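Residue numbers start from 1 in every chain, and the chains themselves are labelled A, B, ... in the order their sequence lines are given, proteins ahead of strands. Computed from a predicted model, the values in this text were never measured in an experiment.
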There are 2 protein chains.
Amino acid sequence: MDHAITPTGQHDHAHCVSSALAAAEARCTGTAKLTQSRRRVLEIVWESHRPVGAYDILDRMAKDGNPAKPPTVYRALNFLLEQGLVHRLESMNAFIGCGSTSVDGHAAQFLICRDCNMALELDDPTLRKALDQAARNSGFRVDRRVVELSGVCADCQKAA
Amino acid sequence: MDHAITPTGQHDHAHCVSSALAAAEARCTGTAKLTQSRRRVLEIVWESHRPVGAYDILDRMAKDGNPAKPPTVYRALNFLLEQGLVHRLESMNAFIGCGSTSVDGHAAQFLICRDCNMALELDDPTLRKALDQAARNSGFRVDRRVVELSGVCADCQKAA
DNA sequence: ATGACTCATGTTATAACATAACACAAGGCC
DNA sequence: GGCCTTGTGTTATGTTATAACATGAGTCAT
């Protein structure tokens, strides 16, 4: 992403979506192709910076006139997860577009506002190192990191 | 807990359970009582240091001769979560006994071994501060922390 | 160009996880 | 006793996710 994303989403979202899609196209050039249904799911995920549930995506597709069944959506989501194009937020059973182009994108941390439901992706290498070091101190080798902090974002604090 | 817990559980587990139960009794002296069914669920959770699913608990209770329905178990689990006696591991939809007596016990971090399924609870204040600081840098106020690192524990690395 | 292979999709059914809503019981307490 | 709070029982249902099997669309070596 070459632009700032604020928690409230006061940004050029069309640009946001188009650059996400472009990045996805660029990444899926090999055997792993960004097919129609995968692209559609990715677009839906990127409609907001709020996490979206698999069944929300299904509803959205039904409204579109392209009704789908759960396996279709879960397959697309799993593909997008593998490609590092979306994240799964474990604490919400929901998905969000990956806003990082870094190699470590899937080591990201999330700040989830319980008021406005916005999820802000951090990609803080210091934090990642601190987490890995803590694990290493216990002899653990870390494969996967789930770091989800819930609370109230700056804007919602002001509003309250 | 006044004793070491190793990832492989090479410890005096009877002591482990009894001190967890004693701590629970001590905590639930006011209006929030540790009733029969709550105690039973807590005991089942403490049978191992592995996260246990709500429906595993139901199965366990059925085998005991005390069959229960899902709401019974979820109510007990919610009570135990409120009292800080168990944790929920979001990335596994499972529950584990809280091995911390500290005030910040619910800010814990977990190391989950994908081979032996053991979950080791860290309660690292440095890590907690680093996470809160990162959130604060984005203007977030943090209410709830989900930090779950999956990988391979020291013993399973040796075994492999 | 066809057979074999791989990858993606469609479809049905069901598994796994969690809660709503209502009825009832037990104990405190004025 | 009447009232209130807290906990439990029960039925039903909501929500999230996957298994299993059939079909189709493209590639590619022979």
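Out of C/dT9, D/dT8, C/dA20, the shortest distance to the side chain of B/Pro71 is found at C/dA20. The listed nucleotides are C/dT11, D/dT8, C/dA18; the one nearest the side chain of B/Ser37 is D/dT8.
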| request: Give the intermediate values and the outcome of side chain to side chain donor-acceptor pair (under 3.5 Å) for residues A/Asn137 and A/Gln133. | output: CA-CA 6 Å; A/Asn137 292 344; A/Gln133 185 58 53; 2.8 Å; yes
| task | Would you check, one step at a time, whether the test side-chain contact (heavy atoms from CB on, under 4.5 Å) holds for B/Lys33 with B/Cys28? | result | CA-CA 5 Å; B/Lys33 295 196 182 56; B/Cys28 300; 5.6 Å; no
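Of the possible donor and acceptor atoms, none in the side chain of A/Gln109 sits under 3.5 Å from a partner among the backbone N and O of B/Leu131.
Regarding B/Phe79, its CZ atom lies at a distance of 12 Å from the P atom of D/dT6, rounded to whole Å. Between A/Lys33 atom NZ and D/dG26 atom P the separation is 11 Å, expressed in whole Å. Atom CD of B/Gln83 is separated from atom C1' of D/dG7 by 14 Å (rounded to the nearest Å). To the nearest angstrom, C1' of C/dT9 lies 18 Å from OH of A/Tyr74. Between the CG atom of B/Leu81 and the P atom of C/dC17 there is a distance of 16 Å, rounded to whole Å. A/Phe95 places its CZ atom 10 Å from the P atom of D/dT16, with the value rounded to the nearest Å. Straight-line distance from the CD atom of B/Glu90 to the C1' atom of D/dA17: 16 Å, rounded to whole Å. One can place CG of A/Leu80 at 12 Å from P of C/dA8, the figure rounded to the nearest angstrom.
Between B/Glu47 atom CD and B/Ile57 atom CD1 the span is 9.5 Å, to the nearest 0.5 Å. Here the CD-CG distance, from B/Glu148 to B/Leu111, works out to 10.5 Å after rounding to the nearest 0.5 Å.
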| message | For a quick check, with a 4.0 angstrom heavy-atom cut-off, what is the B/S/- contact string for nucleotides 23-29 of chain C, read 5' to 3'? | response | -------
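Legend: residues meeting salt bridge (Lys or Arg N to Asp or Glu O under 4.0 Å) with B/Asp132, ordered by chain and number and at least two apart, are B/Arg128, B/Arg145.
Listed in residue order, the members of residues 54-70 of chain B having a heavy atom less than 4.0 Å from DNA chain C are B/Tyr55, B/Pro70.
Only one option out of A/Val41, A/Leu42, A/Ile96 pairs with A/Val86 in a side chain to side chain contact (heavy atoms under 4.5 Å, CB included); it is A/Leu42.
The side chain of B/Arg88 contributes no N or O atom lying less than 4.0 Å from OP1 or OP2 of C/dC17. Contact annotation: B/Asn93 side-chain N/O to D/dT16 OP1/OP2 distance is not under 4.0 Å.
Taking for each of B/Thr31 and A/Gly53 the nucleotide of DNA chain D with the nearest heavy atom, the 5'-most of the two is the partner of B/Thr31.
Remark: aromatic rings of A/His13 and A/His11 are close, center separation under 6.0 Å.
The existence of a salt bridge linking A/Asp59 and A/Lys63 is excluded, since no basic side-chain nitrogen approaches an acidic carboxylate oxygen closer than 4.0 Å.
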